[in-house]
> 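Can you read through this structure? Questions will come right after.
We name chains A, B, ... by the order of the sequence lines, and we start the count at 1 in each one. Computed from heavy atoms alone, side chains included, the values below leave out hydrogens, waters and symmetry copies.
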Amino acid sequence: MRASGKYPDHNVFPSVVKSCALLLDVKLGESVHGCIIRFGMDYDLYTCNALMNMYAKFHSLGLSGSHGNGKHKMLDGMSERMFSSEVSGELIHKFEKRMMSIDQNVSLNKVKCVSPQINGNSEFTDRSYRETHDSYMGEEERSARMDSVRKVFEMMPRRDLVSWNTVIAGNAQSGMHEEALMMVREMGNANLKPDSFTLSSLLPIFAEYVDVSKGKEIHGYAVRNCFDEDFFIGSGLIVMYARCNRVEDSLWVFSILPRQDAISWNSIIAGCVQNNLYDEGLRLFQQMLKAKVKPRQVSFSSILPACAHLTKLNLGKQLHGYIIRAGFDDNVFIASSLVDMYAKCGNVKVARWIFDKMELHDMVSWTAIIMGCALHGHAHDAISLFEQMEMGGVRPNYVAFVAVLTACSHAGLIDEAWRYFNSMTQNYGIAPGLEHFAAMADLLGRAGKLDEAYKLISSLERPVGSVWSTLLSACRVHKNVDLAEKVAKEIFEVDPENVGAYILLSNIYAAAQRWRDASKLRVFMKVKGIKKNPACSWIEVKNKMHAFVSGDKSHPSCDKIYETLKVLLEKMEQEGYVPDTSEVFHDVEEEQKKQLLYGHSERLAIAFGIISIPAGTTIRITKNIRMCADCHTATKFISKIVEREIVVRDNNRFHHFKGGKCSCGDYW
DNA sequence: ATAGGGTTAG
């Protein structure tokens, strides 16, 4: 059109600007902006709105333009250009008029905050927000990046709701939350009421700050103004409640939506999975398919962690098949969750294979494979991968150090662990957190350096129960009752309801034959109403999960299972198996102790696996607590007798049993 | 003609 000599009018530019935004073409966008100024179209409301949206998008994506040197090419040079010979007298007139109207407008920064309508019954743009969340505020650097947007905004002769919503969204998405909230207040001064667009920019802010009371105020405002049936508000609320650990409220919001679109489905599925409601997440995923809503790429990265946590390898494989057929396997989010899923389901080889096939590795995918290797006891692979990551220029973060320290911990690599622990602070400026201290304490404790571990934890300003607990389990392994009592005391001081600590201490007493102390603790727990989750093991057979508790008689194949165990026990004893009753924590006769071991949940699951999974294939068991020493020995024998690989995931790590040996080398 | 929502590693 330009080549043909026709002059574009103000109807043309919004679409052209939008195209630049969608193409992420900063240079083109800026030159179109120049063109807009030359044609005097920069007074046009729609054109300015589109320009602000474009710049906001560039900035939120970190795309830099000419603002980098503090000078804005288009805006700073504008007046000269406006008065150049190219511009007609009429345009000059318009420009002067516009400048006058801006002068009458109070500059943004000087607006005094008067409560806008929205604040009549809402406090969600309250000043106090700045004080409580100061550390998250946008720094100067960030606000410089929003300069172009602000400049366009300030020069506009007239601003409508879209203008405000665009700037608010731009600020919100660039992490400048304070500014976004401030502009909502100022919007009220301009007699504009927040609408559903405004709210959908605010919800993610309160989600990020886990501020459910502000989030609920938005919900209330949405209901009063009939925005609560809006798709965008709906998913915003679902995400906000999920992030605030109020997933019941997310489910409620989801259920009363008049219709659900792909994103509301994905929001609720992700919300459930993030709140550990894995079965509910999977159920909703199936419902989504039933409702003929096609899963998108994000659906898979949301649902795969559920398979990983529940060790649903077969389901994970089916999803993987779908992912490949849909061509989603090059998505870095999906690939990382596949790596994690395969590793957590016991198949670290496939995890590594997928990782190696990825074109680009980001820190999350590196961390996923490093943690995968760590859980399977492949510490040297984990360390080598960590070094490859560093050499490849990917900066490890907090979580990456958790992963590499976990690897050291499971292999007893004390020197390496200290090296990483120190490097974290010295080379990367990351302050070690609870997880890192827990990993170090775990490592020292497991290696028998209980005093050193005690000293390390005591050096913490406010040690929490979870860190002390690692030392308590080490006390159990090394049968140190005195230290255990000391540690337990520390735990109960900060966390008097810590179920795990009561159980551990009671078991430590029992192992030391101090039955009275053990039962005293059990009685105390009963009186206090502290209940523990029952120990159980589960196994996936033909897409169905079968769960067992100790001494379980409820399974349909119960008779066959116990028959199998009986036959196995005879063969095991022939091979030299002697039951180790030292970890039976009930004060009963020796024979009864053997009976108790015999019915441990992992053995029932393994026996069921042997009779229901084809010969030659790996048997995969998941357990919710640490394997007991006797089951560990027994499983070694079983793997040899039935000539099958048995993989057990306990709450701590993986054990691969094969030919009478375990991959952990009995160090765990 | 212009503005808003969902994802991976602990």
> Rounding to a whole Å, what distance do you find between A:I323:CD1 and B:dT7:C1'?
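Whole-Å distance recorded here is 12 Å.
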> Measure CD/A:E435 against P/B:dG10 and give the value in whole Å, please.
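These atoms are roughly 11 Å apart.
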> OP1 or OP2 of B:dT8 less than 4.0 angstrom from a side-chain nitrogen or oxygen of A:Q297, does that happen here?
no
> Just N and O in the side chain of A:N165: are any of them under 4.0 Å from OP1 or OP2 of B:dG4?
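No, outside the criterion.
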> Check step by step if side chain to side chain contact (heavy atoms under 4.5 Å, CB included) holds for A:D195 and A:N165.
CA-CA 9 Å; A:D195 69 350; A:N165 281 342; 3.0 Å; yes
> Go through the N and O atoms of the side chain of A:S267 and the base of B:dG5, and report whether any donor-acceptor pair is under 3.5 Å.
no
> Specify the separation, in whole Å, of atom OH of A:Y241 and atom C1' of B:dG5.
16 Å
> Taking only the side-chain nitrogens and oxygens of A:Q173, find out if one of them lies under 4.0 Å from OP1 or OP2 of B:dA3.
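No.
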> Pick out which of A:D381, A:I354, A:L385 makes a side chain to side chain contact (heavy atoms under 4.5 Å, CB included) with A:I369.
A:L385
> Let's test your reading of the model: under 3.5 Å, does the base of B:dA1 pair with the side chain of A:N49 as donor and acceptor?
no
> Any salt bridge linking A:K151 with A:E154? Criterion: basic side-chain nitrogen under 4.0 Å from a carboxylate oxygen.
no
> Given B:dT7, B:dA3, B:dG5, identify the nucleotide with an atom nearest to the side chain of A:F232.
B:dG5
> Take atom CG of A:L360 as the centre, draw a 6.0 Å sphere, and report whether it contains more than 12 heavy atoms from other residues, nucleotides or ligands.
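Atom CG in A:L360 is not crowded, with 12 or fewer foreign heavy atoms closer than 6.0 Å.
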> Checking A:L251 against A:C272 for the side chain to side chain contact (heavy atoms under 4.5 Å, CB included) test, could you report, in this order, the C-alpha distance in whole Å, the side-chain angles of both residues, the deciding distance, and whether it holds?
CA-CA 9 Å; A:L251 285 161; A:C272 287; 4.1 Å; yes
> Please work out if A:N331 contacts a base, only the sugar-phosphate, or nothing of the nucleic acid, heavy-atom cut-off 4.0 Å.
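Result for A:N331 = nothing.
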> Whole angstrom is fine here: how far is it from CZ in A:R243 over to C1' in B:dG5?
16 Å
> Among the candidates B:dG5, B:dG4, B:dT2, find the nucleotide nearest to the side-chain atoms of A:I233.
B:dG4
> Measure from the side-chain heavy atoms of A:V364 and tell me the nearest of B:dG10, B:dT2, B:dA9.
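It is B:dA9.
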> Counting only distance, no hydrogens or angles, is the base of B:dG4 paired donor-acceptor with the side chain of A:D230 under 3.5 Å?
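Such a pair exists between side chain and base.
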> B:dT8 base to A:S301 side chain: any donor-acceptor pair below 3.5 Å?
no
> Over how many whole Å does the gap from A:L338 atom CG to B:dA9 atom P extend?
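Those two atoms, CG and P, are 12 Å apart.
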> For B:dA3, take OP1 and OP2 only and decide whether either is under 4.0 Å from a side-chain N or O of A:K18.
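Answer yes for this pair, as a side-chain N or O of A:K18 is under 4.0 Å from OP1 or OP2.
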> Which nucleotide wins on minimum distance to the side chain of A:N397, given the candidates B:dA1, B:dT7, B:dA9?
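So the nucleotide nearest the side chain must be B:dA9.
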> For A:V332, answer base if it contacts any base atom (sugar-phosphate contacts may also be present), sugar-phosphate if it contacts only those atoms, and nothing otherwise; contact means non-hydrogen atoms under 4.0 Å.
base
> Run the salt-bridge test on A:R446 and A:D442 with the 4.0 Å N-O cut-off and return the result as yes or no.
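Salt bridge between A:R446 and A:D442, a charged N being under 4.0 Å from a carboxylate O: yes.
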> Side chain of A:P305 only, heavy atoms from C-beta on: which candidate in B:dA1, B:dT8, B:dG10 is closest?
B:dT8
> Between A:H309 (NE2) and B:dA9 (P), how many Å, whole number?
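Distance check: A:H309 NE2 to B:dA9 P gives 6 Å.
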> Which listed nucleotide (B:dA3, B:dT8, B:dG5) is nearest to the side chain of A:S264?
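When the side chain of A:S264 is considered, B:dG5 is the closest of B:dA3, B:dT8, B:dG5.
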> Just the rounded figure in Å: distance from P of B:dT2 to CE of A:M156.
14 Å
> Across the strands shown, which category fits A:Y398 at heavy-atom distances under 4.0 angstrom: base, sugar-phosphate, nothing?
base
> Among B:dT8, B:dT7, B:dA1, which nucleotide sits nearest the side chain of A:S336?
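The answer is B:dT8, which lies nearest to the side chain.
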> Consider the side chain of A:M371, meaning its heavy atoms from C-beta on, and name the nucleotide among B:dT2, B:dG10, B:dT8 that approaches it most closely.
B:dG10
> Determine: side-chain N/O of A:K57 to OP1/OP2 of B:dG4, distance under 4.0 Å, yes or no.
no
> Please state how far atom CZ in A:F231 lies from atom P in B:dA3, giving the value in whole angstrom units.
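The distance from CZ of A:F231 to P of B:dA3 comes to 19 Å, rounded to the nearest Å.
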> Consider the side chain of A:Q274, meaning its heavy atoms from C-beta on, and name the nucleotide among B:dT8, B:dA1, B:dT2 that approaches it most closely.
B:dT8
> May A:F333 be described as stacking on the base of B:dT8, applying a 5.5 Å centroid limit and a 30° limit on plane angle?
no
> Could you list the residues that satisfy salt bridge (Lys or Arg N to Asp or Glu O under 4.0 Å) with A:R352, not counting sequence neighbours?
A:D356
> Looking for any heavy atom pair under 4.0 Å, which part of the strands does A:S196 touch: base, sugar-phosphate only, or nothing?
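The residue A:S196 makes base contact.
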> For a quick check of understanding: with a heavy-atom distance under 4.0 Å over all strands, which category does A:V239 fall into, base, sugar-phosphate or nothing?
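Contact class for A:V239: sugar-phosphate only.
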